[in-house]
Amino acid sequence: SLVFSETDRYSGTATGPVDIPVDVQPLGRGVYQVSFTPVWVGSYDVQLYLGNTEVTKARHDVGLEAGGATSTACMVSGTGLHDFICGHVVEVSIVTRDAFQNIVEDSYLNLQLKVEGPQQVIADIQNLGNGQYEAKYSAESAGSYSITALVN
């Protein structure tokens with residue numbers, strides 16, 4: 001049998017893609033609140049300790065999924081962002097991410113590539129899976145264009 005002193009305190013760890021400290025707060029009557037704030041997607045093994053002894057019945061696996069895609073965290077790349085030849089199809093790659101830079105793999109994501117300039121251009125977007133998209137477009141008129149990725 002284990003003997004604990006009144007000075008022993010609960011503590012915890014969450015190990016996963018990144019190790020995270022766990023905060024354990026007593027709420028009274030032997031009830032404790034356990035909290036931690038992960039920002040990386042993945043599985044976390046949450047372990048609690050009383051003093052230096054692991055509380056084995058308090059061990060849990062917690063899975064964390066990416067939050068919703070945030071336009072400011074998404075990455076857009078490709079030669080079609082800088083210049084193109086009229087009448088030729090150009091490609092742009094888009095990676096959707098949440099506010100913590102986790103890749104968002106949402107098959108129902110409403111993603112649009114808005115290409116504005118001397119003519120209206122509609123981009124064809126294909127979901128490649130894994131939070132990656134490929135957009136293709138072609139413009140027949142020379143001029144200056146702006147490209148905006150819209151995520152909602």
Side-chain angles (χ1 to χ4, degrees), residues 1-84 89-116 120-139 145-152:
S1 89
L2 299 172
V3 177
F4 299 102
S5 73
E6 289 182 19
T7 59
D8 286 333
R9 299 284 182 242
Y10 279 99
S11 63
T13 60
T15 55
V18 175
D19 291 348
I20 301 167
V22 172
D23 183 46
V24 182
Q25 294 294 321
L27 299 177
R29 296 184 170 187
V31 176
Y32 291 82
Q33 176 179 314
V34 177
S35 60
F36 66 103
T37 307
V39 296
W40 293 105
V41 170
S43 180
Y44 291 85
D45 181 21
V46 180
Q47 301 166 301
L48 298 180
Y49 299 90
L50 180 56
N52 292 325
T53 304
E54 181 180 0
V55 181
T56 56
K57 292 186 178 188
R59 189 174 195 157
H60 294 292
D61 286 324
V62 178
L64 179 68
E65 296 180 2
T70 303
S71 60
T72 56
C74 294
M75 297 186 57
V76 181
S77 62
T79 57
L81 293 176
H82 305 287
D83 54 24
F84 60 88
V89 175
V90 293
E91 295 182 6
V92 173
S93 297
I94 304 165
V95 179
T96 54
R97 297 181 181 270
D98 69 8
F100 298 104
Q101 300 298 317
N102 294 299
I103 291 177
V104 176
E105 299 179 31
D106 187 348
S107 60
Y108 299 104
L109 187 64
N110 183 13
L111 178 65
Q112 298 173 11
L113 191 67
K114 188 174 180 182
V115 183
E116 296 179 306
Q120 180 180 359
V121 177
I122 298 173
D124 177 41
I125 299 177
Q126 180 182 5
N127 184 346
L128 303 177
N130 251 358
Q132 299 180 31
Y133 295 80
E134 181 180 83
K136 295 181 182 182
Y137 65 92
S138 176
Y145 289 82
S146 68
I147 301 170
T148 307
L150 304 171
V151 180
N152 58 8

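- Closest of all the heavy-atom pairs between A135 and A123 is CB-CB, 4.5 Å.
- Checking side-chain atoms of N102 against main-chain N and O of V39 turns up a donor-acceptor pair under 3.5 Å.
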Chi angles and distances behind the side chain to side chain contact (heavy atoms under 4.5 Å, CB included) call for V34, Y10: CA-CA 10 Å; V34 177; Y10 279 99; over 6 Å; no
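- Atom CD1 of I122 has 12 or fewer heavy atoms from other residues, nucleotides or ligands within 6.0 Å.
- The line from CE of M75 to OG of S93 is 10.5 Å long, rounded to the nearest 0.5 Å.
- Between L81 and I147 the shortest side-chain heavy-atom distance falls below 4.5 Å.
- Under a 3.5 Å cut-off, the side chain of T96 and the backbone N or O of G131 do form a donor-acceptor pair.
- Counting all heavy atoms, side chain and backbone alike, E105 lies closest to N130 at OE2-OD1, 3.3 Å.
- The two residues N127 and Q132 have their closest heavy-atom pair at OD1-O, 3.6 Å.
- With a 4.5 Å cut-off on side-chain heavy atoms, Q126 and D124 do not count as touching.
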What verdict does the side chain to side chain contact (heavy atoms under 4.5 Å, CB included) test give for I125 and L113, after you've listed the backbone C-alpha separation in whole Å, the side-chain angles of each residue and the deciding distance to 0.1 Å? CA-CA 8 Å; I125 299 177; L113 191 67; 4.1 Å; yes
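- Residues W40 and I20 have side chains not in contact (no heavy-atom distance under 4.5 Å, counting atoms from C-beta outward).
- The two residues V18 and Y44 have their closest heavy-atom pair at O-CE2, 3.3 Å.
- Closest approach of G12 and Y49 over heavy atoms only: CA-CD1, 4.3 Å.
- Side chains of V62 and F36 form a contact here, defined as non-hydrogen atoms less than 4.5 Å apart.
- Residues E134 and L128 approach most closely at CB-CD1, 4.0 Å, considering heavy atoms.
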